[in-house]
Amino acid sequence: MDDDAGALPLKEDFSAWYNEILWRAEIMDVRYPVKGLYVWYPYGFAIRKFVYQRLRDLLDRDHQETLFPLLIPEQEFMKEAEHIKGFEDEVYWVTHGGTTPLDVKLALRPTSETAIYPMYALWVRSHADLPMKYYQIVNTFRYETKQTRPLIRLREITSFKEAHTVHATWEEASEQVEEAIRLYREFYNGLCIPTLVSKRPDWDKFPGADYTIAVDAIMPNGKTLQIGTVHHLADHFSRTFNITYEDKNGEQKFGQQTCYGISERSIAALISIHGDDKGLILPPSVATLQVVIVPITIGKRHEDVMTAARKLHTELTAAGFRVKLDSRDMRPGAKYYWWELRGVPLRLELGPRDLDAGKVMAVNRIGRKTSIDLSTVTEDVSRLLSEITDALRTRAEDHTRSHLCCAPSLDVLKVKLDEGKVGVVQWCQEKRCADRIEEHTNASILGTDVRSQYVPETEGICIGCGNPGKPTLVGRAY
Ligand code: A5A
């Protein structure tokens, strides 16, 4: 990478910072010549690998991974009326094989309900097959018309995790919705990303769903990013695709379904929430490298120091850490800068004086220095890495807490949103009032039934009409 590109924009100028960090830290290259399609650099792809491994580990507890085709025949795609309405403007169509027009147009999946459910109709037979919980991690295509942004709004979503479950009853499906929310919370807690969980208003639910619960994060500029959604599909798709099972009494019943998805927006949130003016800060759990060793070699002590550094590298690698020994011929200061930009949580500086004292200097990515004993280095590194995790989590929680603001009126809400806050207001659930709130503030109703430790359960009157309201999140969303 170009090392002479000048200083990184300050994180205060979030949009500029975000665009720069993506290429400087080698996460995404945005120069691919198709709008909304971006390329993963190996360094960024390694972050993706660790993030998605955590997601897989969580799902694999009681889901099974599978893989369905990318292409969906038009007649399947067009079966569920609400679903079509929601997606028809966003679908890419394959119309030719070579120069021959296809008899049946094929959709590039924008999501996979209509690819998966015709097969579920064949697979689900009896109550003994239920619950069925499968997921896949695939690319999906959406012809987005809002401004595209790397990792945030893509036309090819490269890392779309979608789970699709079938249950015997509506209640069991709704319990699965709760389970999926617990799972997503655990996932994001592992990434030190605080979440706001709420029920989307009816007009904003997934096309074809009974209801949608969304997970949002507050980005550094106060905008919200939807980083996951869980949908109760009831029997809307099972009726269309004829997914039936024989119950215990020998009767045919329609399955009750859920689906839930997460994309590389999880990585956009990870980068944005933790980074600082110097660059990325990666939580150790998903850091491409957790520790970098920088040898400080002067004159005739060069070999001594290098030998000790190699030994340290071997020892930490054997203990299971992701470690790099940076032995490039560069000034130590330039190496510090390089690895700070790339978010490595812990740097070990080893010089002749440290070596003589049996020590190594540990500097964490948030600026804390401690001299640790070479004899206890694995325990100390492990402790220092968990300290960073705790510090990142606390910092992100403080950010979330300080960006949530109760607003007792439309005018106060507008002021708070303009200051980059997310509003907690009372709303009566009527569309009429929602329109008023959204128009007055140029923001969106994110959801009600807010489940968040950061949002108190208050009662009050709707800021639109004065009738009884429910706590509701209002934000400027990506
Ligand atoms: N089948 C269900 C799971 C589904 O498609 N749900 S969804 O449309 O809400 O998408 C799931 C998640 O993918 C969203 O919550 C959002 O975090 C992410 N997502 C949606 N469109 C995206 C896009 N164009 N670019 C990046 N991520 C996107």
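If you read the sequence from its start, that first residue is 1, and numbering goes on from there. Ligands are counted one by one from 1 in listed order, and the atoms in each one are counted from 1 as well.
- Residues forming a salt bridge (Lys or Arg N to Asp or Glu O under 4.0 Å) with Glu171 (at least two apart in sequence, or on another chain): none.
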- Query: Under the side chain to side chain contact (heavy atoms under 4.5 Å, CB included) criterion, do Thr148 and Tyr38 qualify, and how do the steps go?
  - Reply: CA-CA 10 Å; Thr148 53; Tyr38 307 97; 3.6 Å; yes
- Message: Assess the residue pair His83 and Glu113 against the criterion (side chain to side chain contact (heavy atoms under 4.5 Å, CB included)); give the C-alpha distance rounded to whole Å, side-chain angles, the decisive distance to 0.1 Å, and a yes or no.
- Response: CA-CA 9 Å; His83 194 67; Glu113 284 71 14; 3.7 Å; yes
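- Listed by chain and number, Thr111, Glu113, Arg142, Glu144, Ile152, Arg153, Leu154, Ile157, Phe160, Phe206, Gln226, Ile227, Gly228, Thr229, His231, Cys259, Tyr260, Gly261, Ser263, Arg265 each place a non-hydrogen atom less than 4.0 angstrom from ligand 1.
- Judged by a 6.0 Å distance limit and a 45° cone about the ring axis, Arg149 is not positioned over the six-membered ring of Tyr18.
- Listed by chain and number, the residues in a salt bridge (Lys or Arg N to Asp or Glu O under 4.0 Å) with Lys205 are Asp202 (sequence neighbours excluded).
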Report all side-chain donor-acceptor pairs from residues 53-60 shorter than 3.5 Å, counting only partners two or more places apart or in another chain.
{"unit_1": "Gln53", "atom_1": "NE2", "unit_2": "Asp57", "atom_2": "OD1", "d": "3.0"}
{"unit_1": "Arg56", "atom_1": "NE", "unit_2": "Glu65", "atom_2": "OE1", "d": "2.9"}
{"unit_1": "Arg56", "atom_1": "NE", "unit_2": "Glu65", "atom_2": "OE2", "d": "3.3"}
{"unit_1": "Arg56", "atom_1": "NH2", "unit_2": "Glu65", "atom_2": "OE2", "d": "2.9"}
{"unit_1": "Asp60", "atom_1": "OD1", "unit_2": "Tyr135", "atom_2": "OH", "d": "2.7"}

